[in-house]
Amino acid sequence: MPATETLRWYYFIPRCGGEGQRWFVDYHASRCMQLTADLDRALVLLRTQRVNEGCVLLDRCEARLDAMRQALAPAVLKVAERWYFSTVAYYWYVVGDAPRALLFLRQAEEALVAAIDRAGFLVVLAGACCEFELHRARVARSVGDWPTMREHLEGGRAMVENRRPLCELDGGTAIHFRDYDGFFRTLRPRSEEERAAIAQLTDAGVRARGFELHARRVELLPNVVVPFQATEL
């Protein structure tokens, strides 16, 4: 079943008071939603081996992001960069350039951390750091580096179990899944749909099962290129 609107990463941000409302308005007004939708389209093209078409669309997205850069508030820009860099990482993964895939994954993670540094409510994005570990495991597997693959899978498991931080902010503050969960648990749901969404987003069992499902696919299909798949973390 596709995620309802209440499960989308940005849905609850306007509940964070004036700052969250302003960020949400700026994100919409800057057309970043359309940019990320086009990046999703590029991912679909790349996953279906329509690499040239995907590359053309990625180039268009890069040009649009560059044109928007000066006008965007830093916390909005960094979120846009997070989606752009992770999509470019997937492109390099598909064409078999593991070092560049890892480089852009690191840039995506750095943009995500910078976004949280600028606006604490963007901790809703922090779960992607666990997803990045899955992506790194896939890249390692693509070059036959099994020890590194397993290291990243174990790193992701440690994040899911709150034994390792998802990321660390510039000032040294470590962000764990318990901080991600804490954001949602401070909210007062306004409907049963919202209540169910918050329960799902903060369910450690759902999170662990989702991670293991993707981890098993990485471990059991060593000779197949598996697409980076968004996880509901």
Side-chain angles (χ1 to χ4, degrees), residues 9 35-36 38-40 42-52 54-59 61-62 65-66 77-117 122 125-160 163-170 174-177 210-231 233:
W9 64 270
L35 176 67
T36 55
D38 285 343
L39 289 168
D40 284 342
L43 275 175
V44 170
L45 292 169
L46 293 168
R47 285 172 179 164
T48 55
Q49 299 302 307
R50 297 162 66 183
V51 177
N52 290 338
C55 186
V56 168
L57 185 52
L58 265 179
D59 287 343
C61 289
E62 180 183 22
L65 181 59
D66 286 344
L77 172 62
K78 291 302 175 183
V79 173
E81 287 182 339
R82 173 262 182 269
W83 299 115
Y84 171 73
F85 288 138
S86 62
T87 308
V88 175
Y90 183 69
Y91 165 78
W92 289 114
Y93 170 67
V94 167
V95 301
D97 192 326
R100 288 192 184 184
L102 293 173
L103 170 65
F104 280 96
L105 276 175
R106 184 171 71 249
Q107 289 184 292
E109 191 165 26
E110 288 172 351
L112 183 154
V113 170
I116 299 171
D117 256 328
L122 291 175
L125 292 170
C129 294
C130 180
E131 185 180 334
F132 289 157
E133 286 296 272
L134 284 168
H135 298 345
R136 292 185 178 104
R138 294 179 179 114
V139 173
R141 189 196 60 184
S142 73
V143 295
D145 187 348
W146 314 119
T148 299
M149 179 196 78
R150 295 186 186 96
E151 178 182 337
H152 286 301
L153 291 178
E154 287 306 312
R157 288 187 180 101
M159 289 178 176
V160 168
R163 294 184 287 108
R164 172 181 166 182
L166 293 162
C167 59
E168 187 174 298
L169 305 185
D170 285 347
I175 302 296
H176 293 77
F177 259 122
F211 181 87
E212 288 305 324
L213 176 65
H214 290 278
R216 284 196 298 272
R217 292 190 67 196
V218 176
E219 292 172 319
L220 298 178
L221 297 173
N223 297 315
V224 178
V225 173
V226 179
F228 289 179
Q229 296 187 7
T231 55
L233 295 175

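Computed from a prediction, not measured in an experiment: that's the story for all the values here. We use all heavy atoms of the structure for the numbers below, so side chains are in, but hydrogens, waters and symmetry mates are not.
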Donor-acceptor contacts under 3.5 Å from residues 98-112 side chains, at least two apart:
{"unit_1": "Glu109", "atom_1": "OE1", "unit_2": "Arg136", "atom_2": "NH1", "d": "3.4"}
{"unit_1": "Glu109", "atom_1": "OE1", "unit_2": "Arg136", "atom_2": "NH2", "d": "2.6"}

(message) Within the 4.5 Å heavy-atom criterion, are Trp83 and Leu35 side-chain neighbours or not?
(response) no
(request) Report the distance from atom CD of Glu62 to atom SG of Cys55, rounding to the nearest 0.5 Å. (result) 9.5 Å
(message) Regarding Ser86 and Arg82, do their side chains bring together a donor and an acceptor under 3.5 Å, going by distance alone?
(response) yes
(request) For residues Val44 and Thr48, report the shortest heavy-atom separation together with the two atoms involved. (result) O-OG1, 2.8 Å
(request) Establish, from distance only, whether the side-chain atoms of His214 and Arg217 form a donor-acceptor pair under 3.5 Å. (result) no
(message) Could you report the tightest heavy-atom contact between Tyr93 and Ser142, atom names first, then the distance?
(response) CE1-CB, 4.0 Å
(message) Under 4.0 Å between a side-chain nitrogen and a carboxylate oxygen: does that hold for Arg157 and Glu212?
(response) yes
(message) If I take atom CG from residue Leu125 and atom CD1 from residue Ile175, how far apart are they, to the nearest 0.5 angstrom?
(response) 12.0 Å
(request) List for me each residue that meets side-chain contact (heavy atoms from CB on, under 4.5 Å) alongside Asp117, sequence neighbours excluded, and say none if there are none. (result) Val113, Leu169, Asp170
(request) Nearest 0.5 Å please: distance from the CZ atom of Arg163 over to the CD atom of Glu154. (result) 7.5 Å
(message) Taking CG in Asn52 as the centre, count heavy atoms belonging to other residues, nucleotides or ligands within less than 6.0 Å. Is the count above 12?
(response) no
(request) Would you mind checking if Arg216 and Glu219 are paired as a salt bridge, meaning a charged N to carboxylate O distance below 4.0 Å? (result) no
(request) Please report the closest heavy-atom contact between Phe211 and Leu153, naming both atoms and the distance. (result) CZ-O, 3.4 Å
(message) Can you give me the closest heavy-atom contact between Leu122 and Ala115, atom names plus distance?
(response) CD1-O, 3.6 Å
(message) Can you tell me how far apart CG (Leu166) and CD (Glu131) are? Round to the nearest 0.5 Å.
(response) 12.0 Å
(request) Would you name the heavy atoms of Ala137 and Met149 that are closest together and state the gap between them? (result) O-CG, 3.4 Å
(request) First locate atom CZ of Arg150, then atom CZ of Arg141, and finally report the distance between them rounded to the nearest 0.5 Å. (result) 12.0 Å
(message) So which atom in Thr87 and which in Ala42 form the shortest heavy-atom distance, rounded to 0.1 Å?
(response) CG2-CB, 4.3 Å
(request) Taking the side chain as every heavy atom from C-beta outward, state whether Leu57 and Leu39 have any pair of such atoms under 4.5 Å apart. (result) no
(request) To the nearest 0.5 Å, tell me how far Cys167 SG sits from His176 NE2. (result) 10.0 Å
